[in-house]
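Model, not experiment: these values are computed from the prediction.
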Amino acid sequence: MLNKKSLAGFQVLFLAASLTSGAFPLVANSGGFDVEIESVMLNGLPVATVDAEASVNVSVAVERDSGGGSSNDWKSTGYRIDSGSYTCVDTADHTSSDGGTDTESFSITAPSSAGTYDVDIKVYKNDNCSSEQDSKSGNNNLIVEIPTPTPEPTSADIVAIKIVCDNESDLPNWGEGGPDITASTASDFLAENENCRLESGWDFQWASENPASIDPGGSFIGAAGSPWITFGPTDISGVAITTIDTLSVGAFAWVREVLQSGYIPFTFDQSNQSNDDNVSAEMYCSIDVLNYDNIDSVDAPIAGETYYCVAFNVLIPTPTPTPTPTPEPTPTPEPTPTPTPTPEPSPTPTPEPTPTPTTESNGSPSISSGSPSGGGGGGTILGSFGAQASGGGPITPPTPPAGQVLGETTSCGIYLNEYIKYGAKNNPEEVKKLQTFLNTNEGTDIPVTGFYGPVTHKAVHALQAKYWEEILAPWVPYGLPTPHTSTGYVYKTTKRWINNANCPTLNLPQPELP
């Protein structure tokens, strides 16, 4: 490879030959041969591909000849993208007489439009980009692309895990409250319960929002119909996964297992709203760890998140047959001899006495009987319904006091006194008042049962969504995703709104939050 000095000597000889032959003179490089741009790298590459308006690192390597004076100085650098004037960059000064290769870096901004561009570079002898030493064209060394926006996620995953144990006593009994269900709940439980295992071949179902009739019952075997959507079965790891669209699900998603024949049922459902019987199958999802029922919810699912459910069960035990005892033979009774009767002696009759006639005071005879006289006529005969008073007359029952008429009340008071939450142990009387209020004021037709079930829960969601400004919006600063995210929880602002609606003269202020 020719170095600069040999190349310069060759060019002098070529120029002399050209002049002798009458040809055009050779045009030297713009900066002469004392300073030469060796390379231009963009983001460390000869050709770089970047996003529109991205920052690009430009690295310029320059070789300077040795020698005295300022002919080999490099004090500033200019660049341009594609065309137009150069932009001056006051890079470090390189003025040593020793020469060698020096490198300077600076940043530029890529164009805002997609395309292929030239990043041209010039180096200068002086500051402020005067006295050009050398230049280098980019030759399509920058490619600009418009990035495709990544769509925001709209889906969430539900992971259902099935555990089967050897005995019912091995089940966790979380029907009256337990830990939130997370990715480690199943593995943590199995680590402490060697008689339990993950089970394959089980289906699960999910449904959105809160249809009017969603719970097929705790002892229902097999897949339920619409609106339930089946997913599974569980794999060898006991896991089944489904993806739900958070935009269409609404406030929450319901999950249930498809109960199989031969396994113990769930004891809590619409017909038996009690957790007294804990000999039950169990299933829990996310933060809904309550009740021995086969219907659990994922509340307010968030796109991009994963929610976990765990279902526990055990085979119905086969009863051990009771052996039938062998009957003992019945002994044959021995015959009892019949005794010979002894004749009784005939009694000798006693003669009756002859009655002696006596004379009464009126001169009439009277025969006195040998029998005792009967009771006298001085006794009192009670009637069938009367009672004997001390004076001989019947007792008259006292007249009950007349009821008092209270003064009419023209004011009203607090209607709901307690909070009401789905799945919690609510006061039935408070729930009845809530159901009556919804029927009277919101036009619902909810049976007044005192149970805060799915139908009442749905009606509360609708109430909160309708009056969101007073009920939901105050919670946004405290973590509620949006002012339209209903919860179904009759809590501080919901209870206040119902009490004010039932009795406007109360005019209760907003409670202290959270």
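Within a 6.0 Å radius of CG in D51, other residues, nucleotides and ligands contribute more than 12 heavy atoms. No more than 12 heavy-atom neighbours from other residues, nucleotides or ligands sit within 6.0 angstrom of NZ on K421.
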Exercise for the section: Give the intermediate values and the outcome of ring pair (Phe, Tyr, Trp, His ring centres under 6.0 Å) for residues Y419 and Y491. Expected result: CA-CA 5 Å; Y419 303 136; Y491 195 38; 4.7 Å; yes

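Here the side chain of N441 pairs a donor or acceptor atom with the backbone of F437 at under 3.5 angstrom. Checking side-chain atoms of D134 against main-chain N and O of I37 turns up a donor-acceptor pair under 3.5 Å. Remark: the backbone N or O of W497 is not paired with any side-chain donor or acceptor of Y467 at under 3.5 angstrom.
With E470 as reference, R496 is the one residue of Q464, R496, Q510 to meet the side chain to side chain donor-acceptor pair (under 3.5 Å) rule.
In this structure, H461 has its ring center no closer than 6.0 Å to that of Y422.
Using a cut-off of 4.0 Å between Lys/Arg side-chain N and Asp/Glu carboxylate O, R256 and D293 are scored as not salt-bridged. Under a 4.0 Å N-O distance rule, the pair K162/E199 does not qualify as a salt bridge.
Here the side chains of I121 and N141 are not in contact, with every heavy-atom distance at 4.5 Å or above.
S200 and D235 share no side-chain donor-acceptor pair at under 3.5 Å.
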